[in-house]
Amino acid sequence: MGMSQDNLRGFILALLSSGFIGASFIIKKKGLRRAAAVSGVRAGYGGYAYLLEPLWWLGMVTMIVGEVANFVAYAFAPAILVTPLGALSIIVSAVLAHFMLKEKLHQLGVLGCVMCISGSVIIVIHAPQESPITSVQEIWAMATQPAFLLYLGSVIVLVVLLILYFAPRCGHTNVLVFTGICSLMGSLSVMSVKALGTALKLTFEGKNQLVYLETWFFMFIVATCVIIQMNYLNKALDTFNTAVVSPIYYVMFTSLTIIASVIMFKDWDGQNTGSIISELCGFIAVLCGTILLNSAKDSDRGSSFRGEHAPLSPTLSTGLFSGNRETLKHDEENELSPDDICLRKQEPY
């Protein structure tokens, strides 16, 4: 089947978006390391010296370019074409981390990445078609329906709980804390971006939506969510392995976004059972790919330990909930220069 010019533009923009976003993870992490080496305080422990690091800003600009390209891609091509390509950022990030950060990605990790991509493709192939929206007020009615308000309230409670209670206690040993905050806020930001994008598109078509207060409110929500996401994504990248953070963040973000979209836009209304089952199977494939990726990293860490350190079992629980601080420190010290290691040893644990 041929591809229209608009779909081709959207396809190319989505590919560029994944490349930029995947590379931004690596550039920002190198900037975080450089800033920690200079200041002695890592972002994961509340340091903000990275704001003065040009390399971190280059990574930030790279991510912004990728997000803008992704945003514009939706103006040309349908979501069913653009959305699955976002998973390519995981591959880009993992491959670049392997070569630039020396975070080894072995065959099992490669298989995990392939499963993440395959599952994402299945989800989008069977995704429902969106109903046409004629005004931002129509979206506001969807956002204020009781079911979505319940979801919104649950997200806010969970984020506050993660930030105030879990982050200080286990944020640096449990990868799900920082990535959970990013993912929860990300699901809200996507809904707001979708609303804002629709409003802008309608405005460019001659139906001015900027006169409505709802458009500006959605813009405020986008800004707030993105700021919180970036702060805790920096903490996650600085504390944990990039090849682990990227797929976990993708799986959590994708699943929560699907839930939010199903509740707000009622995506599954009118779909047959087979399509819904196929979407769920695709999600399971993505989840299994993430487990494989974590298992590969755990096996690599366990094989490098000797003496008092017992090999780590490559299970989901050790991948996601391990509290072994020495494992993280061992990996990081293998990757850092002697000066960085000295700074690391001076930090309180």
Side-chain angles (χ1 to χ4, degrees), residues 16-70 86 88-105 163 167 171-172 175 177-179 181-183 185-186 189 223 225-250 253 297 325 328-349:
L16 291 174
S17 172
S18 295
F20 278 114
I21 292 174
S24 73
F25 277 91
I26 309 305
I27 298 173
K28 283 167 55 177
K29 184 157 187 175
K30 289 181 73 69
L32 289 168
R33 287 182 175 181
R34 184 177 296 180
V38 173
S39 67
V41 182
R42 295 165 51 197
Y45 288 89
Y48 291 93
Y50 62 84
L51 294 175
L52 301 177
E53 174 56 50
L55 192 59
W56 183 86
W57 281 107
L58 176 60
M60 191 65 183
V61 170
T62 303
M63 175 169 282
I64 291 173
V65 171
E67 294 294 352
V68 170
N70 190 60
L88 294 178
S89 62
I90 296 176
I91 301 298
V92 174
S93 179
V95 171
L96 291 179
H98 178 81
F99 291 104
M100 298 179 64
L101 300 179
K102 307 305 180 184
E103 296 178 358
K104 294 183 179 180
L105 184 65
I163 292 176
H172 299 93
V175 67
V177 176
F178 292 151
T179 53
I181 296 170
C182 294
S183 301
M185 297 305 295
S189 68
C225 291
V226 167
I227 290 172
I228 296 175
Q229 279 181 268
M230 290 302 100
N231 182 39
Y232 285 94
L233 183 58
N234 285 330
K235 292 179 182 291
L237 287 172
D238 188 58
T239 306
F240 302 99
N241 195 299
T242 305
V244 173
V245 172
S246 297
I248 291 178
Y249 174 57
Y250 176 78
F253 170 77
K297 297 304 298 181
R325 177 67 184 175
L328 295 174
K329 189 168 73 172
H330 177 85
D331 285 347
E332 291 171 347
E333 290 186 355
N334 281 342
E335 299 167 3
L336 298 177
S337 66
D339 291 339
D340 293 341
I341 294 174
C342 291
L343 285 171
R344 183 66 49 80
K345 290 180 178 179
Q346 293 173 1
E347 295 177 3
Y349 290 95

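Predicted model only: the values in this text are computed from it and were never measured.
With sequence neighbours left out, Ile64 forms a side-chain contact (heavy atoms from CB on, under 4.5 Å) with Met60, Val68. The side-chain contact (heavy atoms from CB on, under 4.5 Å) check on Ser189 picks up Cys225, Gln229, with sequence neighbours excluded. Residues satisfying the side-chain contact (heavy atoms from CB on, under 4.5 Å) criterion with Leu96, sequence neighbours excluded, are Ala23, Ile26, Val92, Met100. Applying the ring pair (Phe, Tyr, Trp, His ring centres under 6.0 Å) test to Phe20 and every residue at least two apart in sequence or in another chain returns nothing. Applying the ring pair (Phe, Tyr, Trp, His ring centres under 6.0 Å) test to Phe25 and every residue at least two apart in sequence or in another chain returns nothing.
Nearest heavy atoms, Phe240 versus Val245: CB-CG2, 3.6 Å. Listed here is the closest heavy atom pair of Leu55 and Ile27: O-CG2, 3.3 Å. Residue Ser183 comes nearest to Tyr249 through the heavy atom pair OG-CD1, 3.5 Å, listed as atom of the first residue, atom of the second, then distance. Across Ser17 and Asn70, no two heavy atoms sit closer than the pair OG-CB, 3.1 Å.
The OG1 atom of Thr239 sits 10.0 Å away from atom CG of Asn234, with the distance rounded to the nearest 0.5 Å. Summarising the geometry, atom CD1 belonging to Ile248 is positioned 12.0 Å from atom SG belonging to Cys182; distances are rounded to the nearest 0.5 Å.
Side-chain atoms of Lys28 never come within 3.5 Å of backbone atoms of Gly59 as a donor-acceptor pair (strictly under, hydrogens ignored).
In this structure, Leu233 and Met63 have side chains that are in contact, with non-hydrogen atoms separated by less than 4.5 Å.
Ring geometry, Phe178 versus Tyr232: the interplanar angle falls from 30° to 60°, so the pair is classed tilted.
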